[in-house]
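Below is one structure, written out as C-alpha cells; the observations come after it.
First the proteins, then the strands, lettered A, B, ... as listed; each starts at 1.
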Amino acid sequence: MRQYELMVILDPEIDERTVAPSLDKFLAVVKKDGGSVDTVDIWGRRRMAFDIKKKSEGIYAVIQMTAEPATAQELDRQLGLNEAVLRTKLLRRDA
Amino acid sequence: MAKPVVRKPKKKANPLKVAKVENIDYKDAALLRKFISDRGKIRARRVTGVSVQEQRRIANAVKNAREMALLPYSSSAR
C-alpha cells in the first residue's frame with residue numbers, strides 16, 4: 001500500500017454539484033481493492049494558465065488516498081478514458 | 001601593481017525561509033510564481049538565492065504545476 005495524491009481537472013461544462021458523486025464513482029475501485037480514500041478536496045472552477053481542449057477553465061479536485069500501486073494506475077487509466085476529465089496527475093505523497 | 005578586485009557577492013536572504021515554507025508543493029502556485037520570471041521561465045539559483053536541493057524541488061514543482069495548468073509554460077508578453 002502506498003499513499004497517493006491525485007489531481008484531476010474536470011470539464012467546466014459539467015454541473016459542479018455532480019462533481020463529488022462522479023468522483024466517488026471513480027474512487028469506488030480504490031475501496032473495492034482494499035485501499036482508502038483519505039480526503040477529497042474540490043477546489044471548484046478555476047482559470048487555467050492556458051487552454052486545455054479549447055477550454056480556459058477547469059474544475060480542480062485533489063484526492064489523497066492509500067492504495068496498491070496497481071489500483072492507483074487503474075484509477076488513473078479509467079479517469080483518462082473519461083471525456084469529462086481534462087487532465088490528471090497521480091503522484092506519490094512521500095516521494 | 002594594481003590589486004585585483006575581489007568582489008564579495010552579497011548573500012541573499014533565502015525566500016523560502018522568509019516565507020516559512022518547508023514542503024515545496026506544486027499546488028502552491030502563489031509561492032512558485034515568485035520563482036518564475038514574467039515570461040514564465042524558472043529563475044536561476046543565483047537570482048532566487050535558494051539551496052541546490054531547494055532549487056531542484058522548486059524546478060520540479062514548477063514543471064508539475066505547468067502540466068496541471070496552474071502556471072504558464074510561457075507568457076504571451078513578447
- Query: Less than 4.5 Å apart, any side-chain heavy atom of K27(B) and any of E5(A)?
  - Reply: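 Touching, per the 4.5 Å side-chain cut-off.
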- Message: A side-chain contact here means heavy atoms from C-beta on lying under 4.5 Å apart; do R46(A) and L70(B) qualify?
- Response: yes
- Message: Quick check: closest heavy atoms across R66(B) and F50(A), and the distance to 0.1 Å?
- Response: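 The answer is O-CZ, 3.1 Å.
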- Message: I need the minimum non-hydrogen distance between P72(B) and A49(A), along with the two atoms involved.
- Response: N-CB, 3.5 Å
- Task: Treat each ILVMFWY residue as a node, draw an edge where side-chain heavy atoms are under 4.5 Å apart, and state whether M65(A) and F26(A) are in one component.
- Result: yes
- Same cluster or not: are V62(A) and L27(A) linked, directly or through other Ile, Leu, Val, Met, Phe, Trp or Tyr residues, by side-chain heavy atoms under 4.5 angstrom apart? no
[X], [atom1] atom: more than 12 neighbouring heavy atoms under 6.0 Å:
X: D15(A); atom1: CG; value: yes
X: Q73(A); atom1: CD; value: no
X: K31(A); atom1: NZ; value: yes
X: K55(A); atom1: NZ; value: yes
X: K53(A); atom1: NZ; value: yes

- Begin from the C-alpha positions of R87(A) and E67(B) and carry the test salt bridge (charged side-chain N to carboxylate O under 4.0 Å, His left out) through to its verdict. CA-CA 9 Å; R87(A) 211 165 269 198; E67(B) 279 194 66; 6.0 Å; no
- Message: Please rank A29(B), G40(B), A69(B) by heavy-atom pairs under 4.5 Å with chain A and give me the top one.
- Response: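 Ranked by contacts with chain A, first place is A69(B).
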- Side chain, backbone, both or neither of L91(A) within contact of chain B (heavy atoms, under 4.5 Å):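 For L91(A), the contact with chain B is made by the side chain alone.
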- Counting N and O atoms only, with roles assigned by atom type, does the side chain of Y60(A) sit under 3.5 Å from a partner on the main chain of M68(B), one being a donor and the other an acceptor?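 Yes; judged by distance alone, with no hydrogens or angles, the pair exists.
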- dist Y26(B):OH -> M7(A):CE (nearest 0.5 Å) comes out at 4.0 Å
